[in-house]
Amino acid sequence: MKKTVLSILLGLISFYGYSQSPEDVQKQIDSIESTFTYQKGTIELRNGIGKITVPKGFKYLDATQSERVIVDIWGNPKGPDLSLGMILPENQGVLSDKGYVFNIQYDEIGYVEDDDADDVDYDELLEQMQEETEEANKERTQQGYEAVSMVGWATKPFYDKDRKILFWAKELKFGSQEVNTLNYNVRVLGRKGVIVLNAIATINDLPEVKKDIHKVLNIVQFNDGYKYSDFDSSVDEVATWTIGSLVAGKILAKVGFFAILLKFWKVLAIAIVGGGSFIWNKFKKKKEEEIQPEVISEEVEKKSDEVQS
């Protein structure tokens with residue numbers, strides 16, 4: 001995987017270093033985008049737990065293609081259950097500079113009881129999460145990555161008890177990044193686990209996500225036998241997690257890992273450095289100063305080795 005991502009990175013670096021034409025850049029992007037086939041309508045999820053109905057103004061990328069995006073384009077390690085597909089605005093691609101993508105996953109953690117939903121103090125929980133994030137930064141910086149700060153709620157957690165849907169959004173800051181990251185989370189509770197929808201964008205994209213979120217919340221429908229109301233206490237496992245711990249993020253780390261680091265094609269660089277943007281900044285300044293591809297390549301190689309170690 002490292003070789004694949006690095007090859008793409010170096011190719012893009014070379015391309016940017018020697019091409020001054022925005023039209024050529026767009027042709028490159030369009031060429032990659034043309035390899036994807038999107039769907040609309042109602043789609044059965046491949047694990048049989050349910051279906052999604054693609055809302056008007058959106059499109060769906062199936063699980064196989066979505067995993068290709070996550071691994072080969074966004075630069076994440078391969079692993080099981082990376083995606084059940086992606087949902088994104090109709091006029092946007094997975095390589096778009098602006099906008100967002102919701103990745104769909106499923107975690108069979110058991111039946112999550114929601115008795116605590118009305119009792120969670122989300123202000124107190126936020127303070128706890130901020131403290132834990134700062135504590136985790138000690139190991140993160142020792143490994144050579146930028147520190148991450150949880151700025152606060154971009155959207156305060158809300159649980160729809162009737163529909164069994166929990167959603168919230170965090171604003172995160174990676175190192176010295178000028179623009180903060182938006183991490184938007186949706187959990188749909190079922191009989192044996194939760195369907196996970198995670199979106200990553202910049203904080204500047206929050207108004208657009210908020211405008212569309214009511215459509216996204218309605219896309220998931222569990223099949224009979226997997227619905228929350230199908231729970232059978234005599235045979236089903238009750239999760240040790242609650243509404244509060246879902247928000248706290250003490251689980252689902254494996255399914256949310258990439259989302260906190262990456263945003264579409266420009267984050268090929270972020271995938272390598274774990275949150276940095278040194279390559280992208282150099283791209284942005286290409287009209288102001290000459291790019292030295294061989295220097296950038298050495299830095300990419302070094303950071304790539306750090307991520308893979």
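Count residues from 1 along the sequence.
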### Task
Determine whether the side chains of Gln130 and Glu134 contain a donor N or O and an acceptor N or O closer than 3.5 Å.
no
### Query
Can you find a heavy atom in the side chain of Arg163 that is under 4.5 Å from one in the side chain of Leu217?
yes
### Query
Is it true that the side chains of Arg68 and Thr35 contain a donor and an acceptor less than 3.5 Å apart?
yes
#### Entry: Hydrophobic cluster identity match, Ile213 and Phe158, side-chain contacts under 4.5 Å
yes
### Task
Would you please name every residue forming a ring-ring contact (aromatic ring centres under 6.0 Å, His included) with Phe58, sequence neighbours left out?
none
### Query
Under 3.5 Å, is there a donor-acceptor pair linking the side chains of Asp62 and Thr64?
no
### Query
side-chain contact (heavy atoms from CB on, under 4.5 Å) with Phe102: which of Ile219, Leu197, Val196?
Leu197
### Message
Any side-chain to backbone donor/acceptor pair from Asn223 onto Gly48? Under 3.5 Å, distance only.
### Response
yes
### Task
Taking the side chain as every heavy atom from C-beta outward, state whether Asp81 and Gln105 have any pair of such atoms under 4.5 Å apart.
no
### Message
Which heavy atom of Gln65 sits nearest to which heavy atom of Phe36, and what is that distance?
### Response
OE1-CA, 3.3 Å
#### Entry: Of Leu166, Ile109, Val186, Ile165, the residue whose pairing with Val194 passes side-chain contact (heavy atoms from CB on, under 4.5 Å)
Ile109
### Task
For this output row, return yes or no: ring centroids of Tyr159 and Phe167 closer than 6.0 angstrom.
no
